[in-house]
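All values reported here derive from a predicted model rather than from experimental measurement. Throughout, a chain's letter reflects where its sequence line sits, starting with A, and its residues are numbered from 1.
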2 protein chains.
Amino acid sequence: MSRAATIKDVARRAGVGVATVSRVLSGSGPVSEATRERVLRAARELEYRPSALGRGLKTRRTGSVGLVVGEITDPFCAELAAGVLACARTLGEHVLLEASHGDPGREAEIVDRLVEQRVDGVIATPAAEGDWWRSALRAGIAVVFVDRAPKELPQIPAVLADDAAGVRATVEYLAGLGHRRIGFLGTGDPAAPAEAGGVRETTFRTALAELGLQVEADLVVRARPGRDSALAAAAALLQRRPDMTAVLAAGHLLGEAVVLVARELDLRVPADLSIAMVDDVSWAELCDPPLTALARPARDMGYRACEVLRRDPARRERARPVVLPTELVIRGSCGPPSRTPAVRSARTR
Amino acid sequence: MSRAATIKDVARRAGVGVATVSRVLSGSGPVSEATRERVLRAARELEYRPSALGRGLKTRRTGSVGLVVGEITDPFCAELAAGVLACARTLGEHVLLEASHGDPGREAEIVDRLVEQRVDGVIATPAAEGDWWRSALRAGIAVVFVDRAPKELPQIPAVLADDAAGVRATVEYLAGLGHRRIGFLGTGDPAAPAEAGGVRETTFRTALAELGLQVEADLVVRARPGRDSALAAAAALLQRRPDMTAVLAAGHLLGEAVVLVARELDLRVPADLSIAMVDDVSWAELCDPPLTALARPARDMGYRACEVLRRDPARRERARPVVLPTELVIRGSCGPPSRTPAVRSARTR
DNA sequence: ATGAAAGCGCTAACAG
DNA sequence: CTGTTAGCGCTTTCAT
């Protein structure tokens with residue numbers, strides 16, 4: 001087949017100059033109705049599609065933004081992506097999707113390639129702080145972080161969920177139910193010091209202390225990324241402390257692990273163990289009993305992040321992080337602690 | 001900040017011609033070791049990133065493929081996307097993600113815009129048959145369908161799951177358990193004739209007939225896309241026929257609806273009702289009891305589809321659809337039909 | 001081994 | 001109102 005028609009072909013066929021064609025198609029500048037018609041017809045007849053490549057080279061805008069997430073199969077990331085897609089569409093932008101799998105090296109490579117593509121901006125849930133972000137900025141590319149934001153890069157705007165408020169609310173809810181020995185399952189290096197825990201862990205500790213409850217070291221455990229580690233950590237936590245009456249999982253993968261382990265151990269939920277988790281993914285409602293979860297507005301976050309990209313550089317730099325509220329969705333997985341811990345501990349294997 | 005460095009800047013700084021810089025960076029053509037060093041250093045010092053725009057204009061390849069799915073938040077689509085991403089990475093291609101939301105008009109618009117972007121190829125779960133696909137082909141863009149393939153477009157290669165074999169295996173499994181009145185919950189226009197059901201429904205009917213079981217009209221119901229319709233259809237099916245002992249949901253959203261409605265109706269699973277569904281999404285294992293599901297290799301499908309794009313046009317046209325096997329993952333949601341339908345029907349409201 | 005020059009398809013001055 | 005022209009950044013002959 002013959003090569004796709006170019007603006008020149010259209011111009012020739014319509015008997016006009018290329019500039020006129022450009023004017024008609026981009027709707028800029030004055031054109032007489034007659035020529036307009038002729039051009040449009042020629043374009044239609046040739047099935048002409050302007051090339052984004054040519055235009056981009058000239059205008060220095062590609063009309064596409066990069067989106068860097070950890071795993072697109074993660075429901076939170078997927079929801080985030082949906083938000084970005086929705087906003088990008090209203091802006092007429094395309095979305096280049098990339099998965100970092102949480103690997104900083106890979107993230108660096110991705111950002112590098114996005115710069116080559118001359119994307120108009122990058123939206124990312126950063127895997128790590130690193131010079132590649134600064135280098136993207138230097139290349140004149142707008143960057144906005146979502147969900148997390150390394151404190152080393154305050155010049156990069158961010159859209160976050162109010163995890164601190166959410167975790168606090170959840171802890172207060174559990175304490176209000178009468179729980180005194182509440183466990184926490186989070187992510188991170190198990191060997192790292194307490195201060196190294198993320199916002200969720202830190203807030204958990206603070207909230208507990210504020211309520212006058214003791215933060216027991218072995219009630220806070222961290223899993224490394226990955227299903228196996230999550231299961232192992234959950235098993236350790238549940239078996240180590242049969243007197244624990246409630247647990248907060250800091251993410252849906254961790255929540256999944258707790259549910260699975262609790263079932264394996266024949267614990268009744270919530271009679272023997274109350275379970276709550278961060279991120280209200282769809283299966284929370286399908287569980288039996290349905291899981292109480294802290295909903296974070298992933299879609300909105302993606303939408304907002306994309307909007308921030310559009311702001312002019314000056315306003316962007318100056319901006320404080322956008323912090324979106326969370327909501328504790330109460331279902332059946334949490335209840336008052338059982339009065340019969342003896343029974344419970346007899347059931348553990 | 002000053003504009004990003006171009007190949008010219010690098011050439012000037014290294015004291016060579018632009019052609020030499022191009023040779024060094026693309027690793028093509030002979031270059032003396034000394035100049036090579038100089039060029040590399042100059043490029044590094046200027047933080048030079050070649051522009052994909054300029055290169056693409058010249059080479060007529062953008063290094064990106066379009067991926068058109070229904071909803072990125074659908075676990076099946078997300079898994080598919082992950083496969084595409086994985087393969088694209090090995091090929092050094094970028095992925096432009098688009099969501100059609102199952103709307104043909106939107107799909108047409110998306111394809112049009114992808115053509116403008118001059119993507120090297122398009123991978124899609126088509127919402128509908130339509131001239132936009134032929135027009136993409138005419139524009140010289142490779143297209144490959146995944147998950148479904150309109151029969152009106154046999155010239156477009158496809159990567160599919162063997163739904164027919166999978167549904168048949170599932171029906172046989174249920175029948176083998178002793179079920180005689182098996183329900184089917186699918187998607188599509190409820191008013192359309194029986195022949196209009198998709199492969200899954202058609203296969204369901206055929207398989208039943210082959211087993212000598214009767215296909216009762218009101219045991220096959222269709223829901224329109226959307227959560228509410230799924231719930232309504234599931235409720236209708238379960239309430240209308242209390243004597244039904246097993247149900248096959250033709251998708252995870254439908255499975256979700258059945259699980260929710262069964263719980264609402266206080267049906268015990270699998271004693272009162274056995275449930276199986278197509279698509280082994282993550283929550284299937286978290287349900288209580290865990291759901292028996294027909295696993296389809298979404299990730300592989302995405303990977304393979306991306307591979308097919310890379311094939312030369314001639315081989316691509318000639319190809320028969322790639323059909324990947326499914327696997328019935330048996331969990332606890334299916335069992336022999338209860339001997340006490342009276343009890344069961346007393347429980348329905 | 002290396003440089004000069006001709007575009008790739010488009011937009012944006014600038015002339016007319 | 002409309003045509004001509006000069007690039008945008010890169011690759012690729014074709015000379016040298």
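One interatomic measurement links the two molecules: CD of E37(B) to C1' of dA1(C), which rounds to 16 Å at whole-angstrom precision. To the nearest angstrom, P of dA12(C) lies 13 Å from CG of L25(A). In this structure, CZ of R61(A) is placed 23 Å from P of dG9(C), rounded to the nearest angstrom. At whole-Å resolution of the value, CZ in R55(A) and P in dA12(C) are 10 Å apart. Straight-line distance from the NZ atom of K58(A) to the P atom of dT11(C): 10 Å, rounded to whole Å.
Contacts of S26(B) with the nucleic acid, taken as non-hydrogen atoms under 4.0 Å apart, are absent. Among the atoms of the strands shown, none is found under 4.0 Å from any heavy atom of L53(A).
Protein chain A contacts DNA chain D from dC1(D) to dG9(D), reading 5' to 3' and using non-hydrogen atoms of the protein with a distance under 4.0 Å.
Using a cutoff of 4.0 Å between basic side-chain nitrogens and carboxylate oxygens, R41(B) and E45(B) are scored as salt-bridged. A salt bridge is defined here as a Lys NZ or Arg NE, NH1 or NH2 lying under 4.0 Å from an Asp or Glu carboxylate O, and E129(A) with R134(A) meets this definition. Salt bridge present: D147(A) and R296(A) bring a charged side-chain N and a carboxylate O closer than 4.0 Å. A salt bridge does not link E33(A) with R38(A): none of the charged nitrogens is closer than 4.0 Å to a carboxylate oxygen. Comment: E93(B) engages R61(B) in a salt bridge, judged by a side-chain N to carboxylate O separation of less than 4.0 angstrom.
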Could you check R304(A) against E307(A) for salt bridge (Lys or Arg N to Asp or Glu O under 4.0 Å), going step by step and ending with a plain yes or no? CA-CA 5 Å; R304(A) 298 291 295 273; E307(A) 279 182 339; 3.7 Å; yes
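For DNA chain D, the residues of residues 8-22 of chain A within the heavy-atom distance limit of 4.0 Å (strictly under) are G15(A), V16(A), G17(A), V18(A), A19(A), T20(A), sorted by number.
The rotation axes computed at either terminus of the helix from dA1(C)-dT16(D) to dG16(C)-dC1(D) lie 40° apart, taking five pairs at each end and rounding to 10 degrees.
The side chain of R60(B) places an N or O atom within less than 4.0 Å of a non-bridging phosphate oxygen (OP1 or OP2) of dG9(C). For the OP1/OP2 pair of dC8(C) and a distance below 4.0 Å, the side-chain nitrogens and oxygens of S51(A) include no atom meeting the criterion.
Comparing R118(B) and R23(B) by the nucleotide of DNA chain C that holds the closest heavy atom to each, the one mapping nearer the 5' end is R23(B). Where A52(A) and S32(B) each meet DNA chain C at their nearest nucleotide, the meeting point lying more 5' is that of S32(B).
G70(B) and C77(B) make their closest contact through N-SG, 4.1 Å (heavy atoms, listed as atom of the first residue, atom of the second, distance). Closest non-hydrogen pair, R148(B) versus P126(B), comes out as NE-O, 2.8 Å.
With hydrogens and angles ignored, the 3.5 Å screen pairs a side-chain donor or acceptor of R113(B) with a backbone N or O of G92(A).
Side chains of H94(B) and E98(A): a donor-acceptor N/O pair is present below 3.5 angstrom, by distance only.
At most 12 heavy atoms of other shown residues, nucleotides or ligands fall within 6.0 angstrom of atom CZ in R310(B).
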